[in-house]
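Quick notes on the structure that follows.
The shown structure was predicted, so the numbers you read here are calculated from the model rather than taken from an experiment. Lettering follows sequence order; numbering is per chain, from 1.
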2 protein chains.
Amino acid sequence: MAANQVSDVFAALADPTRRAILARLAAGDATVNELAEPFPISLQAVSKHLNVLERAGLITRVREAQWRRCRLNPAPLRDLAQWVDQYRRLWDDRYDTLDGYLRELKENTDDRDQ
Amino acid sequence: MAANQVSDVFAALADPTRRAILARLAAGDATVNELAEPFPISLQAVSKHLNVLERAGLITRVREAQWRRCRLNPAPLRDLAQWVDQYRRLWDDRYDTLDGYLRELKENTDDRDQ
DNA sequence: GTCGCCTTCAACCAAGTGGTTAATTAACCG
DNA sequence: CGGTTAATTAACCACTTGGTTGAAGGCGAC
């Protein structure tokens, strides 16, 4: 995962509306109208949020007749879980020494990005 | 974890400089000057980044003589790991049915925030 | 083709962000 | 006390962001 992609994913998740959209999409695909329905903002604003999520790779949109169906793409979330796992030893008491050694080894080889 | 705190943590992590500062602090406490040294930006800019990290709860600063020592606080990262774990079933094949049931049960009780 | 629905594009606005330089505060040292 | 070092605050700037309204594009139905 390149550094700017990490930034894009974090930035996308920094907005509560976008997190709510993701939560909705976790339950299944939806159209833009369906996604916009719960929010007190304009459809255009939701469309902008979807652009941000798409640029971050968190969703994909496919044309389906006159609708554009949105689908959650979990890959960046998986990468995020890996990223935060770099820091697990800082809070996880059950993080044993061998496990810690392996993770730090991994940090120093694959994980050149912060 | 309140919704705005989640947002603050994600927003704080959306900047590569701030992620690099966290990575440095994971190796041990440091002063502002020590943290600023690797970056091509002014000390004041680093100080601003530290404010953002502090507001997000990711670091704490304590006065020590004429220095101000920065320390990483892993709690928000732990919360983040929990947040992203809500979505684990979407990418993890080894996510079995019982585990899934327990997690969704948990989502519907503690995790009212998106 | 024309109407209507779903969605996006364009232009704008207020507020926030990441950076700068200059000034200020805080603490130690002589 | 005065000087030095560490760090923050203040004021400013260019750019981004999240929202708005209005216009336009795509597609199906008639």
_Residues which pass side-chain hydrogen bond (donor to acceptor under 3.5 Å, both in side chains) with A:R24, listed by chain and number, not counting sequence neighbours_ = none
*Rounded to whole angstrom units, what separation is found between the CZ atom of A:R69 and the C1' atom of C:dT8?*
18 Å
Side-chain atoms of residues 31-41 of chain B: list all donor-acceptor pairs with protein atoms under 3.5 Å, sequence neighbours left out, distances to 0.1 Å.
{"from": "B:T31", "atom 1": "OG1", "to": "B:E34", "atom 2": "N", "distance (Å)": "3.2"}
{"from": "B:E34", "atom 1": "OE1", "to": "B:T31", "atom 2": "N", "distance (Å)": "3.0"}

*Got a second to check how far B:L58's CG is from B:D8's CG, nearest 0.5 Å?*
9.5 Å
*Specify the residues of residues 41-53 of chain A, ordered by number, for which at least one heavy atom lies under 4.0 angstrom from an atom of DNA chain D.*
A:I41, A:S42, A:Q44, A:A45, A:K48, A:H49
*Tell me, which of residues 28-39 of chain B have any heavy atom that sits under 4.0 Å from an atom in DNA chain C?*
none
_Segment of DNA chain D, first to last nucleotide, that comes within the 4.0 Å heavy-atom reach of chain B_ = D:dA6 to D:dA11
*Which whole-number value in Å describes the distance from A:F10 CZ to C:dT17 P?*
17 Å
*Results of side-chain contact (heavy atoms from CB on, under 4.5 Å) for A:A81 - residues two or more places apart only*: B:V84, B:R88, B:W91
_Pairs satisfying side chain to side chain donor-acceptor pair (under 3.5 Å), at least one member in residues 53-62 of chain A, at least two apart_ = A:N51-A:R61, A:E54-A:R61
_Side-chain donor/acceptor of B:Y87 to backbone N/O of A:A23, under 3.5 Å_ = yes
*A:V52-A:L77 co-clustered via ILVMFWY side chain contacts under 4.5 Å*: no
_Set out, in order, the CA-CA distance, both residues' side-chain angles and the distance that settles side-chain contact (heavy atoms from CB on, under 4.5 Å) for A:L25 and A:L53, then state yes or no._
CA-CA 12 Å; A:L25 287 177; A:L53 290 169; 5.7 Å; no
*Report the residues that fulfil side-chain contact (heavy atoms from CB on, under 4.5 Å) with B:A11, sequence neighbours left out, ordered by chain and then residue number.*
A:A14
Do any N or O atoms of the protein come closer than 3.5 Å to N or O atoms of nucleotides 27-30 of chain C, and which pairs are they?
none

*Is the backbone N or O of A:L13 less than 3.5 Å from a side-chain atom of A:R19, with the two atoms forming a donor-acceptor pair by type?*
yes
*asked:* Between A:I21 and A:W67, is there shared hydrophobic-cluster membership here, with clusters defined by ILVMFWY side-chain heavy atoms closer than 4.5 Å?
replied: no
*How are the rings of B:F10 and A:F10 set to each other: parallel, tilted or perpendicular (split at 30° and 60°)?*
tilted
*asked:* Can you list everything that forms a salt bridge (Lys or Arg N to Asp or Glu O under 4.0 Å) with A:R71? Sequence neighbours excluded, please.
replied: A:D29
